[in-house]
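Structure first, commentary second.
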There are 2 protein chains.
Amino acid sequence: MKLDGTILFATDTEHFTNSTLRPRQTSPADATVSASVSSAPQADEGGTQCFICADRATGKHYGASSCDGCKGFFRRSIRNNHTYNCRFNRQCVVDKDKRNQCRYCRLRKCFKAGMRKEAVQNERDCIITPRAKGQTVRTLSISVLLQAEVSVQQFPVLPSPQSRDISSKKTACVGDVFESMKQQLLLLVEWAKHIPEFCSLQIDDRVTLLRTHSAEHLILGAARRSLPYNNVILLGNDFVIPLRGAELEVTRVALRIQEELVKPLRELDITDKEFACLRAIVFFAPADCPGLESPQVIQHLRLQAHIQLEESTCEQRGRFGELLLILPPLQSVAWQMVETLHLAQLLGEARMDSLLQEMLLGEGTNSKPCANDDLTQDNESKQRASSANFTSVVSNISASLPSDHPAAHTDWH
Amino acid sequence: MKLDGTILFATDTEHFTNSTLRPRQTSPADATVSASVSSAPQADEGGTQCFICADRATGKHYGASSCDGCKGFFRRSIRNNHTYNCRFNRQCVVDKDKRNQCRYCRLRKCFKAGMRKEAVQNERDCIITPRAKGQTVRTLSISVLLQAEVSVQQFPVLPSPQSRDISSKKTACVGDVFESMKQQLLLLVEWAKHIPEFCSLQIDDRVTLLRTHSAEHLILGAARRSLPYNNVILLGNDFVIPLRGAELEVTRVALRIQEELVKPLRELDITDKEFACLRAIVFFAPADCPGLESPQVIQHLRLQAHIQLEESTCEQRGRFGELLLILPPLQSVAWQMVETLHLAQLLGEARMDSLLQEMLLGEGTNSKPCANDDLTQDNESKQRASSANFTSVVSNISASLPSDHPAAHTDWH
DNA sequence: AAACGCTGGTCAAAGGTCCA
DNA sequence: CTGGACCTTTGACCAGCGTT
């Protein structure tokens with residue numbers, strides 16, 4: 001009898017044949033549609049897929065391509081100001097079958113897919129969708145960042161084959177430190193050249209970004225190289241700065257690098273992806289660069305970079321925040337280094353290369369681009385007019401790329 | 001066996017055909033039949049009757065018009081994959097009164113009435129908020145932060161009833177600025193006192209945290225107050241600093257506040273919750289405080305604060321990151337303000353209150369707590385021994401709370 | 001002018017809740 | 001633990017409305 005029942009139930013599902021889609025409709029028309037669709041073997045046709053649950057999308061809703069279910073769910077959640085809780089680890093799978101199993105994760109995925117709660121609410125007059133067109137402006141992809149990162153790491157000026165042995169490394173003298181800095185700054189330019197979005201910025205903005213963030217770049221690089229070590233800072237040219245025993249001023253910065261950057265980065269066990277994103281976030285910071293010509297563009301690049309970082313952290317709770325909170329001390333240490341250099345320069349304790357002076361100390365040009373700059377002057381003549389060797393280094397970037405690079409046409413908004 | 005079931009089912013189905021409309025759809029033929037049948041005048045209440053037990057139907061469920069009882073019974077049976085046995089001849093009567101007497105026959109009749117097990121869905125998320133189920137030990141809750149925030153805002157030193165009119169406000173002179181700063185710093189202490197986790201820190205750490213982040217607190221508060229205004233910074237005592245026309249050094253800081261903090265905060269339209277979290281994140285930053293006794297505890301508090309922030313942003317794409325990226329410029333501006341104050345102090349341009357000197361400029365005590373401090377000395381005697389007025393202000397906190405405050409027992413991990 | 005894209009809204013039929 | 005009266009959520013479908 002038990003078998004009876006089971007089989008009875010099984011046979012009841014005679015319409016398995018055409019029930020690949022939901023057998024909801026009673027109307028003949030729909031039945032035929034359903035039949036024809038089911039005859040097509042391909043379930044997902046790619047283009048019209050819900051970003052949230054991979055069900056069939058019915059269009060873009062609230063900023064993301066989605067199905068009616070996710071659309072309604074999002075609207076209700078926002079309207080009623082719902083707060084959900086995940087019963088598990090906030091890592092629930094959200095697909096067509098399981099989308100109703102965790103509302104917290106579903107809503108979160110709605111946001112991640114790009115739904116904006118401002119798009120809900122009743123707005124009679126639709127003042128154009130702000131960024132309807134290039135919704136998926138996938139500029140600044142993680143792969144580009146990783147590639148840029150690799151290209152920088154691929155320039156080991158010394159062929160040291162990962163000789164991890166600290167004792168074999170020499171303590172850097174002032175000249176060694178400066179030499180390393182110079183190399184690293186040139187590598188920063190190299191790094192930037194790998195990012196098309198950077199290359200399509202105006203020359204002044206390129207220079208400003210590079211100059212403003214050169215110190216942070218140096219410190220961040222030093223911190224990363226020094227991750228395996230406890231009592232030295234490893235330079236790019238394979239010299240080391242010991243944490244104890246060196247000159248006081250130098251040691252102070254080195255100690256802060258170790259304490260405030262190396263330690264937390266080591267605890268987090270930062271990945272290559274994450275580091276690549278972090279470098280970009282530091283670099284595309286518009287706030288501390290007055291006089292930028294297109295701060296919004298740069299701000300948008302940073303936004304993309306930190307969204308990439310968020311994705312790279314794989315939803316590990318708190319990790320994204322911890323990584324971003326590395327940046328204040330990074331900036332702070334960078335400032336202190338610049339101060340120290342400035343002082344050393346003033347006291348005549350060190351002779352710095354003109355490139356270093358220009359990038360790190362902001363000397364040799366106006367640190368703030370002139371506001372009443374002649375805008376009719378094209379980059380070419382600006383480049384010719386500039387006598388600064390750094391600016392000319394940067395200018396070469398535009399020469400190395402076709403001027404009509406696709407990225408230049410990106411639609412910002 | 002299989003045939004058995006099929007035949008049994010088929011015959012029963014036929015038997016049912018004329019008595020009712022089968023909502024089986026799937027084939028156009030069925031649809032037309034259904035239509036014609038429904039148009040046929042059915043005697044009794046037909047449509048509102050449970051096909052299984054003849055109780056009042058509450059609608060169609062799983063393919064058959066049925067009552068809530070049979071609906072629930074069917075769902076549970078399918079979900080839990082129940083198999084029942086009939087103790088008699090599988091011919092039990094299933095009506096309103098006897099429907100619970102044989103579950104085998106009831107389920108069978110459900111199928112016969114047209115219920116389909118495919119219509120039963122997967123289990124969903126709980127509607128009711130998961131009850132204090134193991135409520136994770138949530139120190140530093142958002143409510144505590146909000147309350148602390150409110151308590152700070154509730155001390156309007158001047159009874160200005162939200163006079164939003166800027167023109168009615170007076171431009172601050174140096175003395176007004178200092179006065180406002182002093183008030184705000186006392187409010188910072190007030191704010192901290194509302195956070196039990198802070199109060200249970202050691203006295204030295206409390207002092208260090210307050211001192212180290214006092215400048216950022218001032219700037220953050222000023223930025224927030226100035227959100228509605230475009231060309232002034234509004235102080236806590238209702239004076240304003242105009243962005244143009246004031247003294248150069250002051251204006252420089254004020255301009256940065258407006259550009260690097262007010263603007264982005266306004267664009268983000270920061271909420272109260274988010275702001276409350278941000279303040280805590282700024283405050284519980286251990287990196288730039290050398291010599292803390294329990295940096296891990298503080299780091300953990302910051303982690304909690306930024307997890308709260310993440311939750312408060314409702315997962316809106318990129319929002320959490322944008323908020324955290326306010327912090328580097330905040331720190332930077334704060335430093336610049338301190339530098340400016342330092343200079344003014346050195347040049348004798350301004351007389352600062354000793355509290356201001358101690359908190360903002362780090363004068364009057366060792367900025368780094370003494371490492372070989374006598375640990376056997378209790379707070380009381382420390383307080384008595386300390387001649388610094390700020391330290392004594394902070395020490396009072398511990399006096400205002402029971403020493404065995406629950407928060408002191410929080411389990412960090 | 002008709003098709004289209006993206007809002008808002010509706011309600012049958014899923015779901016869950018919780019005491020007897 | 002199960003039943004079932006009672007309430008919430010889901011999502012397919014439809015209607016505006018502005019754009020193409």
Side-chain angles (χ1 to χ4, degrees), chain A residues 21-27 29-30 33-34 48 50 52-53 55-80 82 84 87 96-103 106-107 110 114-133 135, chain B residues 23 47-48 50 52-53 55-80 82 84 94 96-103 106-107 110 114-131:
Chain A
L21 290 183
R22 309 201 49 189
R24 297 279 316 265
Q25 285 325 101
T26 358
S27 89
D30 268 21
V33 166
S34 152
T48 61
C50 174
I52 293 100
C53 70
D55 195 358
R56 244 182 71 96
T58 62
K60 269 183 197 162
H61 302 294
Y62 311 116
S65 173
S66 67
C67 64
D68 269 339
C70 292
K71 169 199 164 190
F73 171 75
F74 187 76
R75 184 181 55 228
R76 283 190 301 269
S77 300
I78 299 301
R79 283 267 178 75
N80 302 65
H82 275 147
Y84 306 123
R87 288 178 294 170
K96 186 180 188 308
D97 292 329
K98 303 194 214 36
R99 66 187 173 199
N100 279 321
Q101 286 181 9
C102 180
R103 290 178 295 173
R106 188 183 192 181
L107 181 58
C110 284
M115 284 191 173
R116 293 166 300 115
K117 71 173 177 190
E118 299 79 37
V120 179
Q121 281 303 338
N122 35 9
E123 279 282 342
R124 274 286 174 212
D125 91 327
C126 236
I127 302 188
I128 205 66
T129 59
R131 47 169 174 180
K133 262 275 168 68
Q135 164 61 22
Chain B
T48 63
C50 175
I52 292 98
C53 70
D55 195 358
R56 248 182 76 93
T58 61
K60 273 187 196 169
H61 301 295
Y62 310 114
S65 176
S66 65
C67 65
D68 267 338
C70 292
K71 168 196 166 191
F73 171 76
F74 187 76
R75 181 180 57 227
R76 281 190 296 270
S77 300
I78 299 300
R79 283 263 179 82
N80 303 348
H82 277 145
Y84 307 122
V94 181
K96 188 176 187 307
D97 294 327
K98 306 192 205 51
R99 65 188 175 198
N100 281 324
Q101 288 182 4
C102 178
R103 290 187 287 188
R106 188 183 192 182
L107 182 58
C110 283
M115 285 192 173
R116 295 166 299 111
K117 70 174 180 186
E118 297 77 35
V120 176
Q121 302 174 356
N122 285 327
E123 207 169 351
R124 286 190 186 171
D125 200 6
C126 308
I127 292 180
I128 294 297
T129 53
R131 191 151 309 170

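Every chain is numbered from 1 and lettered A, B, ... according to where its sequence line falls, protein lines coming before strand lines. Basis for what follows: all heavy atoms, side chains included, without hydrogens, waters or symmetry-related copies.
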Q | Donor-acceptor pair present, A:Lys71 side chain and C:dG8 base, under 3.5 Å | A | yes
Nearest heavy-atom approach of B:Cys53 to B:Cys70 is SG-SG, 3.9 Å
Per atom distances to the A:Arg103 side chain, the nearest of C:dG15, D:dT9, D:dG4 is D:dT9
### Message
Heavy atoms only, 4.0 Å cut-off, all strands: where does B:Gly69 land among base, sugar-phosphate and nothing?
### Response
sugar-phosphate
**Prompt:** With respect to the phosphate group of C:dG15, does any side-chain polar atom (N or O) of B:Tyr62 fall under 4.0 Å of OP1 or OP2?
**Reply:** yes
Side-chain atoms of B:Lys60 come closest, of C:dA13, C:dC6, C:dG16, to C:dA13
(message) Within the 4.0 Å heavy-atom criterion, would you say B:His61 contacts the bases, only the backbone, or no part of the nucleic acid?
(response) sugar-phosphate
In terms of heavy-atom contacts, B:Arg76 and B:His82 come closest through O-ND1, 4.1 Å
Hey, does the side chain of B:Arg79 come within less than 4.0 Å of C:dG15's phosphate (OP1/OP2), counting only N and O? yes
> Has B:Arg124 got a side-chain N or O lying under 4.0 Å from the OP1 or OP2 atom of D:dT9?
Replying inline: no
Shortest non-hydrogen pair, B:Cys126 vs A:Arg103, comes out as O-NH2, 2.5 Å
* To do: Please determine if a side-chain N or O atom of A:Arg106 lies less than 4.0 Å away from the OP1 or OP2 oxygen of D:dG11.
  => yes
Quick note, A:Arg76 side chain, CB onward, closest among D:dA5, D:dT8, D:dG11 is D:dG11
Any strand, both distances under 3.5 Å, Watson-Crick or G-U wobble: C:dG8 pairs with D:dC14
Can a side chain N or O of A:Asn100 be found less than 4.0 Å away from OP1 or OP2 on D:dG11?
yes
Requested in this report: Using a strict cut-off of less than 4.0 Å between a Lys/Arg side-chain nitrogen and an Asp/Glu carboxylate oxygen, indicate whether A:Arg106 and B:Asp125 qualify as a salt bridge.
Outcome: no
Problem - B:Arg75 vs D:dG4: side-chain N/O to OP1/OP2 distance below 4.0 Å - result: no
- Message: Counting only side-chain nitrogens and oxygens, does B:Asn122 get under 4.0 Å of the OP1 or OP2 atom of C:dA14?
- Response: no
